[in-house]
Chemist: 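One structure, as structure tokens, below. Some questions next.
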Amino acid sequence: MPDPSQAPADPGASVDESQLEELITEAQIVLPVELSALANRCAQALGLNAALIYLVDLQQRLLVPLDEALEALSVDTSQAGSAYRTVSPRVTDDGDDVVIWLPLVDGAERLGVLAVRTAPLDGPRMRRSRILADLLAMVVTSKRSYSDWIAARTRTATMQLPAEMVRAFLPPRTIGSKQCVSTAVLEPAYDLGGDAFDHAVVKQVLHTMILDGMGHDLASGLATSVAMAGARNARRSGADLPDLVGSVDRALTQWLPDHFCTGVVCRLDADAGELRWINCGHPPPLLIRAKRVLEGALDSPPQPPIGLYVEAAPPARQVHEITLEPGDRVLLYTDGVIDARDANGVEFGLERFTDFIIRASAAGERPAEVLRLLIQAILDYQHNNLPDDATILLFEWHPQHVMDRRHADRPDA
């Protein structure tokens, strides 16, 4: 198949720069419900025929068009889904036109796909399609933070109030930089209790946290929400790990004295690979290196859950440290992940959990796709009826200078 990037440009595929400038300015104030029309006008200004935005649903099973008259597409079985899963373009024939399916990505997070219709397909049109996808990804990101309509379009069931509250506090599913990436999934998507996750990048440091609140009700969600707010408040004030956990201890003790959370709070220096963490009564993190789990590498003596703060004698939080190797992956999870049971009462289990991660990673799947596949496997195992929240957070360290050196050492480089 000829490479479209090497094909000569079609002189008729001109770009209306003044119209494109007007549309980019309009994008700043356009209503979310008007994004479909805007995408089409931008496509035509770029010499393309049409464009349609699809956003992934909350459980990453469907790609939902912003055009309400059209049907959703399967993430697992469609060409659009293939572009989403692999974060790379796919091309399909559609009569006289071709459709280019391009991933919509905000930083490290997959938002959905853009369908661009054009004919013929050549290098300039492919480049313009990529530019359009990048532009619309930024527009979608700026709109979805305040758009109930976009939130509703990406839901396939009614959201329960505790889940609505917790999700209001959650960060994007995936964040990252050239040196590290962190990604998370959380189920049941529409009926959460007390599970939550948080991650953020501050300069060269990746901060991650997973929480499991006592119980499975609105108060549990409130406790984890207070814990996340307390952790962010302390982190943004420059607190180190012990002070951060202490701040959350005091916040829960003051505002919700009858509730507590187990959790793990981590801090990764992405320049040096130095990982520091505190485990507060939670299952220990797992370290995956060279396609195997290093048994006990991140185990630590038990410490009290967060929220059991005693004013007279606050717990002395012990910080643990390890230096990661390039390519290492660290897994944080709640017990609902391994406690899921099939129809015969057999647990999903830790071995099955880690084996799935290792196999998917060995197959070349990106961290976000590994977790998408894993949480669906857990739901299928439990027949979509999880008795407890199941949350997984995976972060990976891949320092850029090491990757660059490895590439330079390749014979074909």
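Computed from heavy atoms alone, side chains included, the values below leave out hydrogens, waters and symmetry copies.
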Chemist: Between D249 and I306, is there a donor-acceptor pair closer than 3.5 Å when you use the side chain of the first and the backbone of the second?
Modeler: no

Chemist: What pair of heavy atoms forms the shortest contact from V226 to A251, and how long is it?
Modeler: CG1-CB, 4.1 Å

Chemist: Is there a side chain to side chain contact (heavy atoms under 4.5 Å, CB included) between L114 and L52 once you walk through the steps?
Modeler: CA-CA 6 Å; L114 179 70; L52 180 61; 5.8 Å; no

Chemist: Tell me if a side-chain donor or acceptor on D342 pairs with a main-chain N or O of V346 at a distance below 3.5 Å.
Modeler: yes

Chemist: Within a strict 4.5 Å, meaning less than it, do heavy atoms of the V330 and W397 side chains meet?
Modeler: no

Chemist: Using the side-chain contact (heavy atoms from CB on, under 4.5 Å) definition, which of the options T92, V91, N49 pairs with V98?
Modeler: V91

Chemist: At their closest point, which heavy atom of S78 faces which heavy atom of G81, and how far apart are they?
Modeler: OG-N, 2.8 Å

Chemist: Could you check whether atom CD of E351 has more than 12 heavy atoms from other residues, nucleotides or ligands sitting under 6.0 Å from it?
Modeler: no

Chemist: Could you point out which residue of V319, D240, I278, T208 forms a side-chain contact (heavy atoms from CB on, under 4.5 Å) with R267?
Modeler: D240

Chemist: If we ignore hydrogens and angles and just use 3.5 Å, is the side chain of Q44 paired with the main-chain N or O of R41 as donor and acceptor?
Modeler: no

Chemist: Excluding sequence neighbours, so at least two apart, what forms ring pair (Phe, Tyr, Trp, His ring centres under 6.0 Å) with F260?
Modeler: none

Chemist: Could you measure the distance from the CZ atom of F169 to the CG atom of L222? Nearest 0.5 Å is fine.
Modeler: 8.0 Å

Chemist: Could you go through the side chain to side chain contact (heavy atoms under 4.5 Å, CB included) check for R144 and L111 one step at a time?
Modeler: CA-CA 10 Å; R144 66 175 182 159; L111 306 175; 3.5 Å; yes

Chemist: Strictly distance-based, threshold 3.5 Å: is any side-chain N or O of H199 a donor or acceptor partner for the main-chain N or O of L393?
Modeler: no

Chemist: Could you give the distance from OG1 (T183) to CD1 (I392), rounded to the nearest 0.5 Å?
Modeler: 10.0 Å

Chemist: Just checking, is any N or O donor in the side chain of T334 or D212 under 3.5 Å from an acceptor N or O on the other one?
Modeler: no

Chemist: Can you give me the closest heavy-atom contact between V337 and T391, atom names plus distance?
Modeler: CG2-O, 3.5 Å

Chemist: Look at D134 together with R130 and state whether they make a salt bridge at an N to O cut-off of under 4.0 Å.
Modeler: no

Chemist: Is it true that R235 and S237 share a donor-acceptor pair across their side chains at a distance under 3.5 Å?
Modeler: no

Chemist: Counting only N and O atoms by type, is there a donor-acceptor contact under 3.5 Å from the side chain of D389 to the main-chain atoms of G194?
Modeler: yes

Chemist: When you check the gap from the basic side-chain N to the acidic O, do D57 and R153 get nearer than 4.0 Å?
Modeler: no

Chemist: Quick check: closest heavy atoms across P162 and L192, and the distance to 0.1 Å?
Modeler: CB-O, 3.6 Å

Chemist: Centres of the F348 and F353 rings: under 6.0 Å?
Modeler: no

Chemist: Quick one: does Y381's side chain have a donor or acceptor within less than 3.5 Å of a partner on E347's backbone?
Modeler: yes

Chemist: Is it the case that the side chain of R125 and the backbone of L121 share a donor-acceptor pair, with hydrogens and angles ignored and the cut-off at 3.5 Å?
Modeler: no

Chemist: Can you check whether W101's main-chain N or O pairs, donor with acceptor, with R90's side chain at less than 3.5 Å?
Modeler: no

Chemist: Please answer whether the main-chain N or O of A27 pairs with a side-chain N or O of K143 as donor and acceptor at a distance below 3.5 Å.
Modeler: yes

Chemist: So W277 and H320, would you call those rings parallel, tilted or perpendicular, with 30° and 60° as cut-offs?
Modeler: tilted

Chemist: Restricting to non-hydrogen atoms, name the atom on R232 and the atom on P171 that form the minimum distance, rounded to 0.1 Å.
Modeler: NH2-CD, 3.6 Å

Chemist: For the side chain of S361 and the backbone of I358, is there at least one donor-acceptor N/O pair under 3.5 Å apart?
Modeler: no

Chemist: Side chains of Q179 and D271: is there a donor and an acceptor less than 3.5 Å apart?
Modeler: yes

Chemist: Only pairs under 3.5 Å count here: list side-chain donor-acceptor contacts from residues 59-69, not counting sequence neighbours, and write none if there are none.
Modeler:
{"residue": "Q59", "atom": "NE2", "partner": "E187", "partner atom": "OE1", "Å": "3.2"}
{"residue": "Q59", "atom": "NE2", "partner": "E187", "partner atom": "OE2", "Å": "3.1"}
{"residue": "Q60", "atom": "OE1", "partner": "Y84", "partner atom": "OH", "Å": "2.7"}
{"residue": "Q60", "atom": "OE1", "partner": "R110", "partner atom": "NH2", "Å": "3.3"}
{"residue": "D67", "atom": "OD1", "partner": "A69", "partner atom": "N", "Å": "3.0"}
{"residue": "E68", "atom": "OE2", "partner": "W149", "partner atom": "NE1", "Å": "3.1"}

Chemist: Quick one: closest heavy-atom pair of A39 and L136, and the distance?
Modeler: CB-CD1, 3.7 Å

Chemist: For L161 and L218, what are the C-alpha separation, side-chain angles and deciding distance, and is it a side chain to side chain contact (heavy atoms under 4.5 Å, CB included)?
Modeler: CA-CA 7 Å; L161 181 57; L218 185 64; 4.1 Å; yes

Chemist: Run the side chain to side chain contact (heavy atoms under 4.5 Å, CB included) test on H259 and L252 for me, step by step, so that the C-alpha distance in whole Å, both residues' side-chain angles and the decisive distance to 0.1 Å come before the verdict.
Modeler: CA-CA 7 Å; H259 288 79; L252 285 176; 5.6 Å; no

Chemist: Is it true that D76 and R85 have a side-chain N and a carboxylate O under 4.0 angstrom from each other?
Modeler: no

Chemist: Is any side-chain heavy atom of V99 closer than 4.5 Å to one of T118?
Modeler: no

Chemist: Would you call E164 and R155 a salt bridge, using N to O less than 4.0 angstrom?
Modeler: yes

Chemist: In plain terms, say whether R366 and E369 are close enough for a salt bridge, that is, a side-chain N and a carboxylate O under 4.0 Å apart.
Modeler: no

Chemist: Filter on side chain to side chain donor-acceptor pair (under 3.5 Å), then keep only pairs touching residues 284-306, sequence neighbours left out; what's left?
Modeler: R289-D328

Chemist: If you measure from SG on C280 to CE on M209, what distance do you get to the nearest 0.5 Å?
Modeler: 10.0 Å

